Amino acid sequence: MENAIMNNKFNRRSFMGLAGLGTAGALLGQQPPRPMPPEHGPAPNAAPPPFELDEITVGELQEGLHSGRFTSRKLTEAYLGRIDAIDKHGPAINAVIEVNPDALAIADAMDRTPASGPLHGIPVLIKDNIDTGDRMRTSAGSLALADSIAARDSGVAKKLRDAGAVIIGKTNLSEWANFRSTHSTSGWSGRGGLTRNPYVLDRNPCGSSSGTGAAIAANLAAAGVGTETDGSIVCPSGVNALVGVKPTIGLVSRTGIVPIAHTQDTAGPMTRTVADAAILLGALTGVDPKDGATAASRGKSSTDYKSALRADGLKGARIGVARKRYFGYSPATDTVIDAAIADLQAQGAIIVDPANIPTAATLDDCELEVLLYEFKADLNGYLALRGSSAPAHSLQDIIAFNKKEGSREMPYFGQELLLMAQKKGPLTAPAYRKALSTCQTRARTLGIDAVMTRLRLD
């Protein structure tokens with residue numbers, strides 16, 4: 001199985017290399033990216049220098065550290081050099097918003113201690129909306145929080161450190177996780193500028209975990225963590241040819257992550273192979289007393305998802321294809337997806353096609369209403385806990401800052417969603433409770449749950 005996983009290195013790269021502009025355009029065919037901000041036009045298409053760790057897996061790094069082929073210090077130096085060579089210079093992907101000034105010291109400490117977990121000594125990158133109690137900032141890409149340092153680690157950062165990971169930096173993102181404007185450009189933030197797709201530099205890397213997607217695809221770290229409310233892990237993973245996992249809410253702690261909406265937010269792995277995603281997911285799971293939603297995962301989560309990887313894992317699995325609403329936007333995109341479905345079938349899956357979700361077209365309005373209410377409440381709660389380290393203490397403060405710093409924060413698009421959220425009342429408001437109930441009924445009871453049950457899908 002490990003050899004099969006390792007062979008995916010060739011498949012991932014060859015697919016993207018052979019497909020080139022055509023496939024990138026196809027993958028983005030459903031939602032064409034907006035024009036790039038003018039000062040961030042296409043960078044020179046310079047070939048990156050050879051890289052010793054190109055496409056290496058977490059498993060291979062674990063073996064190298066165990067055998068003495070690698071040290072954590074050498075790995076960290078190599079990835080930091082890679083960031084300097086192609087992220088800050090060369091093609092200038094601009095995926096990393098900040099490098100950890102303590103990365104080498106942490107790596108040295110890992111080299112002096114026995115292996116403490118599945119990521120011991122392995123360099124990782126995390127999205128810049130995940131708190132770290134160190135010298136790095138947590139800004140969600142906003143200049144309003146550009147100098148703000150969290151007092152303590154988020155639940156995710158703590159789990160990574162407990163697993164022995166070396167957090168070497170933070171990645172750029174769509175500012176406020178792409179919940180600022182109805183006309184935003186994915187991958188752009190006031191603090192970080194624009195992230196590029198490393199395969200096609202003038203194409204959108206998708207958001208909001210654009211920086212993590214581009215960084216891991218470009219081998220700027222062994223693995224990365226993104227966050228998702230609605231598509232922000234799976235979209236940049238798809239566009240950058242990665243494996244992305246959006247966990248069930250409550251499987252991974254949300255504590256210390258700049259929020260959009262507590263009913264949908266979660267962090268999750270973004271890696272180059274399925275095996276790496278399994279290792280990283282196992283490191284992130286567990287009950288966090290500060291996040292009540294994680295209590296539901298007690299006895300249901302695992303710290304070793306890699307043990308479930310099987311070469312025949314798809315044999316007999318019933319997989320439904322929800323065509324209505326999700327297909328038909330781009331013939332080229334449909335061709336790519338149909339080829340993937342054929343691959344699943346070739347591996348033994350039973351394809352149920354179509355398996356349409358009858359309520360799929362009825363979710364947008366109620367979902368936006370829920371997100372607006374929860375964003376205001378959740379962001380205000382998050383900022384209140386940041387204390388004096390954050391110059392902004394409420395959504396209203398953020399709105400005022402953006403208006404004052406409009407030339408830097410709003411040169412390309414505005415803050416319509418922030419203004420809409422600010423007008424909402426508390427989470428006790430009947431309008432919010434009705435929207436939440438409507439969304440959950442349409443999405444769950446009358447939606448995907450009904451289809452899964454009726455067609456006996458896995």
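On a predicted model such as this, the values are computed, not experimentally measured, just so you know.
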With a 4.5 Å heavy-atom cut-off, do Val352 and Ile319 have their side chains touching?
no

Quick one: pull up OG in Ser139 and CD1 in Ile97 and give me the separation to the nearest 0.5 Å.
4.5 Å

May I ask you to say whether Asp304 pairs ionically with Lys306, meaning some side-chain N is under 4.0 Å from a carboxylate O?
no

Show which side-chain atoms of residues 243-259 pair as donor or acceptor with protein atoms under 3.5 Å away, not counting sequence neighbours.
residue	atom	partner	partner atom	Å
Lys246	NZ	Thr229	O	3.0
Lys246	NZ	Gln264	O	3.3
Ser253	OG	Thr255	N	3.1
Ser253	OG	Thr255	OG1	3.4
Ser253	OG	Asp288	OD2	2.6
Arg254	NE	Asp291	OD1	3.3
Arg254	NE	Asp291	OD2	3.0
Arg254	NH1	His262	O	2.5
Arg254	NH2	Asp291	OD1	2.6
Thr255	OG1	Asp288	OD2	2.9

Using modelled atom types only, decide if a donor and an acceptor are shared between the side chain of Arg272 and the backbone of Ile56 within a distance under 3.5 Å.
yes

List the atom pairs, donor and acceptor, that lie under 3.5 Å between side-chain atoms in residues 447-458 and the rest of the protein, sequence neighbours left out.
residue	atom	partner	partner atom	Å
Thr453	OG1	Asp449	O	2.9
Asp458	OD2	Arg318	N	2.7

Tell me whether Ser297 contacts the main-chain N or O of Thr294 through its side chain, where contact means a donor paired with an acceptor under 3.5 Å.
yes

Carefully, step by step, assess Trp176 and Leu417 under the rule side-chain contact (heavy atoms from CB on, under 4.5 Å).
CA-CA 10 Å; Trp176 295 114; Leu417 292 176; over 6 Å; no

Asn172 side chain to Ser210 main-chain N or O, any donor-acceptor pair under 3.5 Å?
no

So, does Asp128 use its side chain to make a donor-acceptor pair with the main chain of Lys170 at under 3.5 Å?
no

Take Tyr432 and Glu369 through the test side-chain contact (heavy atoms from CB on, under 4.5 Å) and record every step on the way to the result.
CA-CA 7 Å; Tyr432 165 72; Glu369 188 79 349; over 6 Å; no

About how many Å separate CD1 of Ile93 and OH of Tyr199, when rounded to the nearest 0.5 Å?
10.0 Å

Donor-acceptor pair, side chain of Gln440 and main chain of Ser437, under 3.5 angstrom
no

Name the residue from Asp202, Asn204, Val239 that meets the side-chain contact (heavy atoms from CB on, under 4.5 Å) definition with Asn197.
Val239

Between Asn129 and Thr227: side-chain donor-acceptor atoms closer than 3.5 Å
yes

Please check if the side chain of Asp334 supplies one atom and the backbone of Phe327 the other of a donor-acceptor pair under 3.5 Å.
no

Is a donor on one side and an acceptor on the other found under 3.5 Å between the side chain of Tyr329 and the backbone of Arg325?
yes

With distance as the sole test, does His120 use its side chain to make a donor-acceptor pair with the main-chain N or O of Ser116 at under 3.5 Å?
yes

How about NZ on Lys88, more than 12 heavy atoms from neighbouring residues, nucleotides or ligands closer than 6.0 Å, or not?
yes

Surrounding CG of Asp338 (heavy atoms of other residues, nucleotides or ligands, distance under 6.0 Å), is the total greater than 12?
yes

Is the backbone of Cys206 close enough, under 3.5 Å, to the side chain of Ser186 for a donor and an acceptor to pair up by distance?
no

Ignoring hydrogens, what is the shortest heavy-atom contact between Asp265 and Ile260? Give both atom names and the distance.
OD2-N, 2.7 Å

Would you verify whether the NZ or CZ of Arg82 falls within 45 degrees of the ring axis of Tyr79 while also being under 6.0 Å from that six-membered ring's centre?
no

